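Note sheet for the following structure.
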Amino acid sequence: MSWSVLEALRTNPDVLKESLKKRYLSTDLVDRALELDSRWREAVTELNRLRERRNEINRAIPHASPEERQELIKRSKELGAKVKELEELVKNLSEERDTILMSLPSIVHESVPEGPDDTYNVPVRFWGIPKVPKSKLERFREETSGFDVEYRVVDWEPKGHADELELVLKQGDTLKAAQVSGSRFFYLFKDIVWLEQALVMFALDHITKKGFIPVLPPYMMREQYYLGVTDLETFKDSIYKIEGEDLYLIATSEHPLIAMHAGDTFTEDELPRLYVGVSPCFRKEAGTHGKDTKGIFRVHQFTKVEQIVYSKPEESWEWHERLIRNAEEIYQQLEIPYRIVNIAAGDLGACAAKKYDLEAWFPAQGRYRELVSCSNCVDWQSYRLRIKLDRKGRREFVHTLNSTALATTRTICAILENHQREDGVVEIPKVLRGYLEPFEAAPKEVIEPIKRLLKE
RNA sequence: GCCGGGGUGCCCUAGCCAGGAAGGGGGCUGGCCUGGAGAGCCAGUGGCCCAUCGGGCCGCGAGGGUUCAAAUCCCUCCCCCGGCGCCA
């Protein structure tokens with residue numbers, strides 16, 4: 001049983017180097033890891049021989065005569081010293097090798113576009129009829145170049161989601177939240193609260209209909225398990241730590257939902273395993289100063305409905321396509337125009353072998369912006385957490401996949417811009433009606449401006 | 001948080017007090033047997049290394065220590081069960 005990256009290292013290091021080059025990462029580590037691995041194997045072989053000899057002697061001691069015994073103990077002690085020495089070497093070699101191995105990203109899939117950053121992401125399809133203000137026509141043509149996307153020109157300027165929320169509808173307040181908690185936090189009020197809840201229920205409803213098991217996971221995790229599900233870079237930049245405890249706030253329910261099967265072995269008939277997680281997500285957003293500072297597009301805390309699949313290795317690419325389609329169905333029903341982009345290798349996280357983003361059209365920004373991420377992590381997470389598949393005695397690592405179904409704050413942003421009318425009223429997508437109907441105080445068709453709730 | 005009892009391979013369990021190659025049962029897989037099935041019998045059923053056959057090393061919740069030798073003794077930590085305390 002082997003991890004695809006480790007197997008490539010030993011049998012076909014060029015494949016691994018190619019993959020790293022595509023990600024614009026150094027390939028030096030591959031040669032270093034190879035050298036460490038071969039030295040480790042040599043040392044382990046020698047260590048095993050020494051231990052074998054020592055064990056033989058130790059087994060003879062209880063049956064030996066008193067005078068033989070002293071001699072045997074002496075020899076065992078001598079061997080023991082050598083064993084200890086070699087154990088130290090083996091430990092150092094394997095630790096250094098494993099540090100490198102654990103830093104290596106998944107081998108990128110052949111269908112992943114080449115390129116160093118997000119400007120090389122490749123749109124694969126568009127859906128919906130975007131509303132394009134005249135002032136954003138040029139931007140729109142850039143964003144859709146190469147595709148024949150039907151669109152409608154509007155002759156008024158939609159408000160950006162932040163102004164719409166706080167100045168027009170007056171049902172959100174990020175200033176007060178900044179005072180209380182800091183930047184990138186928010187208070188949401190009244191209709192937006194109902195909208196948020198309805199979005200969660202709608203997404204949960206849609207995904208569970210497809211056989212996914214709903215899960216409410218722990219919102220904090222230990223470091224050991226955290227490092228099994230994500231790379232160090234993400235860990236440092238995104239994850240909040242609880243002071244004085246070995247606990248971290250989850251950045252997505254993907255993390256506890258994958259750690260949930262750490263150490264488990266599935267049989268073939270137990271796969272695929274489908275889960276849909278619902279949880280708040282906490283993110284430090286370190287290194288994003290100045291980006292999306294207004295409104296609730298990029299915040300430290302939001303609710304997300306997340307699809308998770310544990311699959312047989314040979315079925316994971318099919319599941320990757322299905323997961324993004326599930327997310328598309330949600331945004332089609334919410335009547336939000338979007339495009340799907342294939343993320344360039346240089347912009348890909350370490351766990352993922354391939355990633356699709358669903359980007360919604362934002363009329364006021366004149367841009368497509370990320371709402372959904374859909375990744376195939378192949379055996380990257382399952383290797384670290386030892387999540388196995390038992391094929392009649394032969395063991396393999398399962399593949400893990402994750403995809404947003406719906407993240408509330410960003411979806412609210414997209415609704416505020418796409419379903420905004422010239423008079424400032426926001427039309428609620430019809431599909432949400434059933435999730436608002438039972439509640440007397442909930443809005444049903446539209447969200448209208450109200451008087452400011454907090455002091456001016 | 002305190003007191004007590006536990007954690008042994010996929011599951012259950014013996015071994016721990018009193019240190020000396022982890023034993024039994026179940027499940028699963030394969031083989032023998034059978035017209036076929038069942039029963040019965042045999043073998044396999046954690047990770048790693050060398051290797052042609054095969055052999056070896058590690059592994060008893062995790063990490064240290066004592067010892068020629070640790071599932072077994074000592075220390076720290078994690079988790080589960082019971083009791084007390086606290087609590088939405």
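Within every chain, numbering begins at 1; the chains are lettered A, B, ... in the order of the sequence lines, protein sequences first and strands thereafter. Keep in mind the model is a prediction, meaning the values are calculated, not measured.
Nearer to the 5' terminus of RNA chain B, by closest-nucleotide assignment, is the contact made by A:Val44 (compared with the other of A:Val44 and A:Glu52). Remark on RNA chain B: of its neighbouring residues A:Pro62 and A:Arg53, the 5'-side contact belongs to A:Pro62, judged by nearest-heavy-atom nucleotide.
When Watson-Crick and G-U wobble pairs are counted only if both distances are under 3.5 Å, B:C2 pairs with B:G83. Base pairing of B:C33: no nucleotide in any strand meets the Watson-Crick or G-U wobble criterion (both distances under 3.5 Å). Remark: B:C48 base-pairs with B:G56. Criterion, Watson-Crick or G-U wobble with two distances under 3.5 Å.
Under the 30°/60° scheme for interplanar angles, the aromatic rings of A:Tyr310 and A:Tyr275 are found to stand perpendicular.
One P atom belongs to B:G64, the other to B:A71, and the distance between them is 14 Å to the nearest Å. Between the P atoms of B:U66 and B:G56, the separation comes to 29 Å (whole Å). Rounded to a whole angstrom, the distance from the P atom of B:G61 to that of B:U72 is 8 Å. B:C32 and B:A39 have their C1' atoms separated by 14 Å, with the value rounded to a whole Å. B:C81 and B:A70 are spaced 33 Å apart, taking the P atom of each and rounding to whole Å. As rounded to the nearest Å, B:C10 and B:U29 have C1' atoms that lie 12 Å from one another. For the P atoms, the distance from B:G26 to B:C33 is 23 Å, rounded to whole Å. Rounded to whole Å, the P atom of B:A88 lies 25 Å from the corresponding atom of B:C3.
Counting non-hydrogen atoms under 4.0 angstrom, A:Ile61 reaches a base of the nucleic acid.
Closest to the A:Arg54 side chain, of the nucleotides B:C49, B:G46, B:A69, is B:A69. When the nucleotides B:A69, B:C49, B:C57 are ranked by their closest atom to the side chain of A:Arg51, B:C57 comes out on top.
A:His261 has its ring centre less than 6.0 Å from the ring centre of A:Phe266.
Rounded to whole angstrom, the span from the CG atom of A:Asp264 across to the C1' atom of B:G46 amounts to 14 Å.
Judged by distance alone, the side chains of A:Ser316 and A:Asn376 do bring a donor and an acceptor atom under 3.5 Å apart.
Checking side-chain atoms of A:Glu166 against main-chain N and O of A:Thr174 turns up a donor-acceptor pair under 3.5 Å.
When the side-chain nitrogen and oxygen atoms of A:Arg75 are compared with OP1 and OP2 of B:C68, none of them lie within a distance under 4.0 Å.
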